[in-house]
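Single-structure report; data block below.
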Protein chains: 2
Amino acid sequence: MAVRVPKGYLVAGVHCGLKRDLRKPDLTLIVSETPATAVGVYTQNIVCAAPVQLDRKRTPSTRIRAVVINSGNANACTGERGLRDAEEMARLAAKAVGVEEDQVLVMSTGVIGVYLPMDKIAHGIELAAARLGNDEEALIMAARGMMTTDTVYKLSGRTLSLARREIQITGMVKGAAMMGPNLATMLGVLFTDATLDVDTAQRLLRETVDDTFNCINVDGHTSTNDTVLFLANGAAGGPPLTGDLLEDFQREFHSLCVELARMIPADGEGATHLITIEVTGCRTRQDALQIARAIANSPLVKAAIHGADPNWGRIVSAAGYAGVPFDPNKLTLYLNGFCLYRDGTPVKFDEIEVSNSIRAERETRIELVLQEGNASGRFWTTDLTPEYVRLNAEYRT
Amino acid sequence: MAVRVPKGYLVAGVHCGLKRDLRKPDLTLIVSETPATAVGVYTQNIVCAAPVQLDRKRTPSTRIRAVVINSGNANACTGERGLRDAEEMARLAAKAVGVEEDQVLVMSTGVIGVYLPMDKIAHGIELAAARLGNDEEALIMAARGMMTTDTVYKLSGRTLSLARREIQITGMVKGAAMMGPNLATMLGVLFTDATLDVDTAQRLLRETVDDTFNCINVDGHTSTNDTVLFLANGAAGGPPLTGDLLEDFQREFHSLCVELARMIPADGEGATHLITIEVTGCRTRQDALQIARAIANSPLVKAAIHGADPNWGRIVSAAGYAGVPFDPNKLTLYLNGFCLYRDGTPVKFDEIEVSNSIRAERETRIELVLQEGNASGRFWTTDLTPEYVRLNAEYRT
């Protein structure tokens with residue numbers, strides 16, 4: 001995977017004291033050397049954090065120059081003061097890199113309901129501005145600066161050649177639970193040196209997120225801070241992408257987002273399995289995703305996978321309460337390729353063999369086949385483990 | 001609490017080999033000496049078990065004479081053969097107690113996707129018919145015959161005097177997870193010697209269930225078998241209840257259902273806390289319940305309560321994604337009477353004191369106050385513990 005900083009960007013990740021551990025960066029700065037097209041998609045939670053409110057106002061835009069991100073504090077549920085803090089954070093970053101205040105976007109993730117320590121933030125922004133770079137080390141530090149309970153940084157990229165121009169798309173995300181132990185959120189930044197007009201960028205992000213970052217969960221708890229930003233600064237040169245070139249770009253962009261999205265449940269708190277749920281034969285893609293999501297949200301399904309238990313009754317019954325009408329007598333289920341249930345009737349299978357297949361692999365594949373139509377949908381989730389509960393129960397006590 | 005068999009009913013609970021432990025009854029028979037008004041409410045899961053399909057056809061009715069219930073096997077996801085088995089189970093019970101086949105209702109709970117061992121069922125029905133009684137011991141055995149992973153039987157009653165007639169309402173329920181370790185379901189039977197016409201009985205049950213058994217959960221997983229039946233045989237004498245008498249009856253009926261409903265999450269698998277979630281100040285009761293349910297379904301809220309962690313951010317953010325529009329700047333939260341969040345802003349509070357209050361009591365009270373209207377709703381759930389996950393992961397492995 002081509003993981004490098006796209007042309008015309010500088011990045012940094014530094015430690016400024018929001019996290020206790022000195023070795024962990026907690027502030028990230030991404031700067032575009034020229035004004036970039038920037039679009040975002042945001043949490044649907046009506047209790048949304050101050051940085052989300054700020055970014056919503058400033059995007060879509062054709063002149064963004066920087067994104068400043070802190071981890072360790074979500075600046076959520078902090079009222080008017082939280083909003084002022086988010087604005088001040090943007091102002092400080094703008095000053096540090098010499099751009100206008102409204103050319104800066106802000107992201108925060110971490111503890112809810114605590115005011116940002118603005119002295120630390122100010123110090124961190126100064127530090128980061130002094131350390132901006134475009135090498136791999138700077139990029140990894142930037143990705144690490146977003147992490148909360150993540151156990152690994154989540155970074156990837158694609159290099160493609162379009163009309164003889166080399167284009168780079170790079171993405172970094174964080175997230176290990178929709179909300180971790182009092183820490184929140186999925187955050188993502190995708191940035192490219194391609195040229196894209198703002199409407200195209202917004203459409204691309206919206207469509208791709210629907211298919212990728214909106215199709216994952218760990219615990220079904222929608223955060224107050226979820227944000228994915230997409231920047232395109234055109235440093236690779238050329239006019240805005242259209243037609244075949246745009247399609248090629250979109251394909252790589254989608255593939256990158258799938259890769260990054262899967263990293264989140266794969267690093268789910270306490271998880272031992274990444275579960276892929278594929279639902280086919282539905283009337284609409286929305287129906288398929290609704291069924292997949294109901295299965296992904298069932299603690300009983302998730303606990304069964306943790307126990308390597310091919311407990312198909314839980315999967316079939318979760319499909320049944322998803323709120324999508326279908327003929328249960330035409331329902332078929334595969335688990336890791338083994339057929340467990342066909343046309344509404346149990347199938348004899350070797351439980352030990354299927355159980356061993358779950359235990360042997362970190363990834364489990366659930367395929368539910370309906371006979372209502374031709375639409376399908378895919379969702380990724382984790383198993384549910386005693387460790388997840390411990391992590392989330394014992395955080396402060 | 002007046003726990004006795006209402007006039008004109010006989011009950012029994014026996015062991016017939018569906019459960020391994022010989023001391024555990026697994027088949028229950030309830031017989032009315034005269035035709036009873038009978039109504040039911042059933043699971044909304046479209047993957048629904050054979051006995052649910054059978055009872056749906058036979059209710060509402062004015063001539064039901066018996067209910068036969070087995071635990072240890074849900075007769076769910078068993079296709080055509082499952083339907084024939086449920087019908088045969090009713091036929092055997094009808095023969096054993098000398099009534100018509102279509103005067104019998106059936107309930108099943110237990111493992112999904114395994115055919116009923118009809119020889120054992122037949123034997124159990126014979127045994128139960130021979131042991132019918134109306135004393136407390138018979139009633140307790142009947143309540144125990146419904147249990148799966150329940151650790152206690154769940155039985156209560158009310159005695160009231162209406163127009164100088166003594167009326168008895170008795171209820172028994174089972175349920176410890178919406179689906180336990182491969183075992184399913186909430187089942188309930190409410191039976192009374194009052195006289196009720198069938199439309200009144202149906203309305204009473206529908207309204208009361210909406211407020212009680214539909215306002216509890218353990219894991220949010222809707223079972224294939226959920227059923228609550230309500231029988232009224234009129235053995236106490238008098239014309240069908242109307243007006244003030246009906247209101248008095250309804251009040252006691254409601255109070256009994258609240259008591260029985262709370263017993264289910266209180267006995268939730270692995271649970272250490274019963275959580276009551278009260279949401280007030282909503283535009284509609286539906287809005288209030290939707291918010292309460294989102295909080296009750298959040299594994300993060302449930303894990304926090306297990307850890308005695310007054311993690312109000314999780315509660316507030318769960319309310320925010322419930323899908324109900326409200327002004328987050330007018331949101332106030334109390335936990336065990338302590339105000340943690342007022343008008344969208346964090347409140348300073350003594351974390352140790354609040355944490356100790358959670359640890360000290362088996363019951364935790366969450367109150368969320370909105371300022372959108374005057375409607376309210378109440379929901380009961382459990383905390384989420386490593387023990388729940390272990391129970392549901394390690395069942396068969």
Side-chain angles (χ1 to χ4, degrees), chain A residues 43-48 74 76-79 111-114 177-179 182 184 219-224 297-300 303-304 306-309 311-314 316-321 325-326 328-329 331 341 344-346 351 355 384-390 392-397, chain B residues 43-48 74 76-79 111-114 177-179 182 184 219-224 297-300 303-304 306-309 311-314 316-321 325-326 328-329 331 341 344-346 351 355 384-390 392-397:
Chain A
T43 181
Q44 297 302 302
N45 198 318
I46 59 176
V47 176
C48 72
C77 299
T78 44
V111 64
I112 285 186
V114 176
M178 286 301 106
M179 292 183 71
N182 207 34
D219 48 29
H221 195 113
T222 309
S223 140
T224 48
N297 273 330
S298 165
L300 286 168
H306 175 58
D309 178 2
N311 195 321
W312 58 267
R314 295 182 182 173
V316 166
S317 59
Y321 67 68
F326 66 85
N329 298 316
L331 195 63
Y341 192 65
T345 309
E351 290 208 9
S355 180
L384 175 64
T385 67
E387 185 60 15
Y388 170 89
V389 180
R390 257 191 302 276
N392 284 291
E394 293 169 11
Y395 177 57
R396 310 200 294 188
T397 53
Chain B
T43 181
Q44 296 303 301
N45 199 317
I46 61 176
V47 177
C48 72
C77 299
T78 44
V111 65
I112 285 186
V114 176
M178 285 301 107
M179 293 183 69
N182 209 34
D219 48 28
H221 195 113
T222 308
S223 141
T224 48
N297 273 331
S298 165
L300 286 167
H306 175 57
D309 178 2
N311 196 321
W312 57 268
R314 294 183 184 174
V316 165
S317 59
Y321 66 68
F326 65 85
N329 299 315
L331 196 61
Y341 193 65
T345 309
E351 288 208 10
S355 180
L384 175 63
T385 68
E387 184 60 16
Y388 171 88
V389 181
R390 256 192 302 277
N392 284 291
E394 294 170 10
Y395 176 57
R396 310 200 293 188
T397 53

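Just so it is clear: chains get the letters A, B, ... in the order the sequence lines come, proteins before strands, and each one is counted from 1.
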TODO: For chain A, find which of B:Ala319, B:Pro325, B:Pro328 contributes the most heavy-atom pairs closer than 4.5 angstrom.
DONE: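 Most heavy-atom pairs under 4.5 Å with chain A: B:Pro328.
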Task: Largest heavy-atom contact set with chain B, pairs under 4.5 Å, which of A:Cys48, A:Ala318, A:Gly79 - done: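 Option with the top pair count is A:Ala318.
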Looking at every heavy atom in both [X] and [Y], which two are closest together, and how far apart are they?
| X | Y | result |
| --- | --- | --- |
| B:Cys77 | A:Tyr341 | CB-OH, 3.4 Å |
| B:Ala74 | B:Ile112 | CB-CG1, 4.4 Å |
| B:Val47 | B:Thr224 | O-CG2, 2.9 Å |

Open item on the list: Please enumerate all residues that pass side-chain contact (heavy atoms from CB on, under 4.5 Å) together with B:Ala304, with sequence neighbours excluded.
Closed with: B:Asp309, B:Asn311, B:Arg314
Task: Engaged part of B:Phe326 at the chain A interface, taking heavy atoms whose separation is under 4.5 Å - done: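 It is both, since atoms from each part get that close.
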TODO: Measure B:Thr385 against the heavy atoms of chain A and call it side chain, backbone, both or neither at under 4.5 Å.
DONE: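 Answer is backbone: N, CA, C or O of B:Thr385 sit under 4.5 Å from chain A.
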